[in-house]
Enquirer: 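Before I ask anything, here is the structure I am working with.
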Amino acid sequence: MDIRAQTAVVFHLDKCIGCHTCSVACKNIWTDRKGAEYQWWNNVETKPGTGYPGKWEDQSIYNGGWVKDANGRIQLKGAGKKKGLLNIFHNPSMPTVEDYYEPFTYNYLNLIEAPPGNDQPTARPVSLITGEPMDVKMGPNWDDDLSGTPDYARNDPNLAALTPAERSAMFQLERMAFFYLPRICNHCLNPACVASCPSGAIYKRGEDGVVLINQKVCRAWRMCVTACPYKKSYYNWHTGKSEKCILCYPRMEAGYAPACMHSCVGRIRYIGVILYDADKIEAVASAEPKDLVARQLDLMMDPFDDKVIAAAKANGIADSTIKAAQNSPSFKFIKQWGMALPLHPEFRTLPMLWYVPPLLPVMASVTQTDGAQKDKLNPIAKTWTDNWLYDTSTEELWGTVEQARFPLKYLASLFAAGETGEVSLRLKKLMAVRIYRRWKTVGDIPEAKMTKALKETGLTQESAEAIFYLTALAKFNDRFVIPAAHREQAMEMLEFTGDVKGSTGFGFREKPERGM
Amino acid sequence: MELSNVFLFVGLPYAALVIFLIGTIQRYRNKGFKVSSLSSQFLEGRALFWGTVPFHFGILVLFFGHLSAFLLPGPTLMWNANPTRLITLEITAFAFGLSTLVGLTALFVRRLTNVRIKMVTTKMDIFLELLLLVQVVFGLWVAVGYRWGSSWFAADLAPYLWSLFKANPDITAVGAMPWPIKVHIVGAWLLIGIFPYTRLVHFLVAPLHYITRPYQRVMWNWDRKAIRDPRTPWSAMRPKNN
């Protein structure tokens, strides 16, 4: 048993309102620089949709992540020692600026400096790369709320899992329902970017599991851009170095939540430590697709177990980190209550950002009617021109979940490598907590029905109450349980103090200029 | 004539080698951030393919060809003793030379015509690509016009190069060479001399160590077990990512 600590994140999708505050907070702090304008270390996508960069989930285009070879061993799909070094001069699967979007600004100065003329001066969009006027064709979130349009939703790679009939039902539904998928770097346990880096510039920090790119060692071989199946490693075209989400490690070392989480309006984000067994990583990453979620849960160890604590201490994990692991909201959502799922576990990178799947869009159903109901209506009543009926009523306990009207297969393709069972179990738990709270506060649900709901999902009244608390009432310190780096070591995490004696501050002691 | 030969084939080489050595070390140590291949594939990918692939594979073969004739002149001459093997070698080398020329031309055109690529182009890039173009064109000319290069390089030029490294320069053979060959040699020394101040430095950081390292890399900034041991001296511990 090789116990290590990992900072794990949970996003509660039921609460995400798609406001992009997280993206803006991140952009303002980290990527508001030349060469990084197009990079959104945090972005929010509308699902169903194609995302950013376009169709990033489709690995037949981008060749990211790991795949199992004939011997059952996992290999990088589009990078690795052989493929990476052979394609080092030209990387065939690397996305170019068109796959993201060309960064732009507006020529605002023209509004006040234009010479007198007959027409109103305008602020034309100009490219942030070339400075030339351009026609803006795409932005980082231009699929926002546009789930129903053919350009975005119908090109969603996850739709491949659905039959044509299911798709057609979903397209009716998506005019009314969609959900948001906020994404940051997953800080994976089996990171493909680290494995693909020919220079060895990318590494995982042992202390907290944050995956970082050493800017001085990066040589722009750009294999990480291909290898990351989530497309969360970005190439800075100006400095000639790759960059990625750093999980705001300077903030975390001081005990603060990362900026995207700190600023989250919907309070959907939770961050905490989990202890995991590093010996099992390779076996878990090589598991059968149907077992991927369950095996990843096995990897996470109980922080209250004496043996685990002893092994953690033997590995030099600080007491404050172990204590944080015991209070970790991530551990509760992911392992203790089993309510979260990893995004695309079939990429086999063992992502450490888990999502509580969204219940709300599932609650509604769409069925085709024969028009008999419509005929009974008053002729002047407003009716839809098509025969689709949008319905939220249900008699059965799990009616809306099990009838799978917002296809569970779609959610399963996103979060469970196609295993609908994993998704429906979590949705039922979300429903059970609601049924429990409704029984308690409104009282119009019989106790027998509430008890049955809890029993079938393996919850108790106490755990339902705890889930309700952490979901709806949790305060700042409940959502973010971060062990600060020990004060006496906080600075030394970054630098050897001797190096900065006689100077002020830290950071680039050399201007990050593009090389000669 | 004699004096200019001394300057071009003794002075220039030594100056170039000194600048190469000191400049490379200085650049790597003081401006490590700027050592990068400076890929522009992100800005333009399709035209790059037709330039960079033929160029890089071509120039790698040419580089190692020149290097082996310099390091192993005897075996090279022995290989060339058989006409079939000599012609095979020459034709192969010429093919890779053409590939370099085609690739380099494509890269140069791309660099001059693509607006985005212009934004990441420095004057040194233009100068370097022009110098490389001249070098490759003269190299091909020499290969066609003064056969057979691989043999006389090993017989006449390798001793000249060795004499330079032995600090006992002998330029009688070089001084008698036809002028296109002289241009090619001077171009080579110029390239070595400006090497540390160009994007060529990425050649020195070619990621060969990737072949032997394990895929995953976990780095502890501090060895926490050692840090808690009062017997380890504080000053001996440095963060590993720095």
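We name chains A, B, ... by the order of the sequence lines, and we start the count at 1 in each one.
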Enquirer: Is there a side-chain contact between A:Pro198 and B:Arg213 in this structure, where contact means two heavy atoms from C-beta onward sitting under 4.5 Å apart?
Expert: no

Enquirer: Need one label for B:His202: side chain, backbone, both or neither, based on atoms under 4.5 Å from any heavy atom in chain A.
Expert: both

Enquirer: Rounded to the nearest 0.5 Å, what separates atom OH in B:Tyr210 from atom CH2 in A:Trp221?
Expert: 13.0 Å

Enquirer: So which part of A:Tyr234 gets closer than 4.5 Å to some heavy atom of chain B, the side chain, the backbone, both or neither?
Expert: neither

Enquirer: Which answer fits A:Leu76, side chain, backbone, both or neither, if we ask what part of it has an atom under 4.5 Å from a heavy atom of chain B?
Expert: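 Contact with chain B involves the side chain of A:Leu76 alone.
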
Enquirer: Is any side-chain heavy atom of A:Ser199 closer than 4.5 Å to one of B:Val205?
Expert: no

Enquirer: Answer yes or no: does atom CD of A:Glu282 have more than 12 heavy-atom neighbours from other residues, nucleotides or ligands under 6.0 Å?
Expert: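 Atom CD in A:Glu282 is not packed in, count stays at 12 or less.
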
Enquirer: With a 4.5 Å cut-off on heavy-atom pairs, point out which of A:Lys82, A:Glu102, A:Glu132 contacts chain B the most.
Expert: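 Highest number of pairs under 4.5 Å: A:Glu102.
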
Enquirer: Select one option (side chain, backbone, both, neither) describing which atoms of B:Thr121 are under 4.5 Å from chain A's heavy atoms.
Expert: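 Neither the backbone nor the side chain of B:Thr121 comes within 4.5 Å of chain A.
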
Enquirer: I'd like to check the ring pair (Phe, Tyr, Trp, His ring centres under 6.0 Å) partners of B:Phe203; sequence neighbours left out, ordered by chain and number.
Expert: B:Phe63

Enquirer: Does A:Asp135, at its CG atom, have more than 12 non-hydrogen atoms belonging to other residues, nucleotides or ligands within less than 6.0 Å?
Expert: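 No, because the 6.0 Å sphere around CG of A:Asp135 holds 12 heavy atoms or fewer from other groups.
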
Enquirer: Quick check: do A:Ile129 and B:Leu43 have side-chain heavy atoms less than 4.5 Å from each other?
Expert: yes

Enquirer: Please work out which of the three classes, parallel, tilted or perpendicular, describes the rings of A:His90 and B:Phe49, given edges at 30° and 60°.
Expert: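 Taking A:His90 first and then B:Phe49, their aromatic rings stand perpendicular (interplane angle over 60°).
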
Enquirer: Is chain B contacted by the side chain of A:Pro191, its backbone, both, or neither, given a heavy-atom distance below 4.5 Å?
Expert: both

Enquirer: Under a 3.5 Å threshold, yes or no: a donor from one side chain and an acceptor from the other, between B:Gln41 and A:Asn91?
Expert: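 Checked: B:Gln41/A:Asn91 side chains show no N/O donor-acceptor pair below 3.5 Å.
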
Enquirer: For A:Cys218, which atoms come within 4.5 Å of any heavy atom of chain B: side chain, backbone, both, or neither?
Expert: backbone

Enquirer: Side chains of B:Arg217 and A:Ile202, heavy atoms from C-beta outward: is any pair under 4.5 Å?
Expert: no

Enquirer: Using a 4.5 Å cut-off on heavy atoms from C-beta on, say whether the side chain of B:Tyr215 contacts that of A:Val194.
Expert: no

Enquirer: Would you say that A:Lys241 contacts B:Phe33 through its side chain, given a criterion of any heavy-atom pair below 4.5 Å between the two side chains?
Expert: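 With C-beta onward as the side chain, the pair touches.
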
Enquirer: Hey, are the side chains of A:Trp237 and B:Ser40 touching, using non-hydrogen atoms and a 4.5 Å cut-off?
Expert: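 Counting from C-beta outward, A:Trp237 and B:Ser40 never come under 4.5 Å.
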
Enquirer: Pairing donors with acceptors under 3.5 angstrom, does anything connect the side chains of B:Arg116 and A:Thr130?
Expert: no

Enquirer: Non-hydrogen atoms of chain A under 4.5 Å away: do they reach the side chain of B:Leu60, the backbone, both or neither?
Expert: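 Just its side chain gets close to chain A.
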
Enquirer: Side chain, backbone, both or neither: which part of A:Asp99 has a non-hydrogen atom closer than 4.5 Å to chain B?
Expert: neither

Enquirer: Looking only at heavy atoms and a cut-off of under 4.5 Å, which of A:Ser196, A:Gly240, A:Gly200, A:Gly131 has the most pairs with chain B?
Expert: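 Looking at each option in turn, the highest pair count goes to A:Gly200.
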
Enquirer: Is the CZ atom of B:Phe94 crowded by more than 12 outside heavy atoms at less than 6.0 Å?
Expert: yes

Enquirer: Can you classify the ring geometry of A:Tyr100 versus B:Phe42 as parallel (below 30°), tilted (30 to 60°) or perpendicular (above 60°)?
Expert: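 Rings of A:Tyr100 and B:Phe42: tilted, as their planes differ by 30° to 60°.
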
Enquirer: Is any side-chain heavy atom of B:Met219 closer than 4.5 Å to a side-chain heavy atom of A:Leu212?
Expert: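 No, too far: nothing below the 4.5 Å cut-off.
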
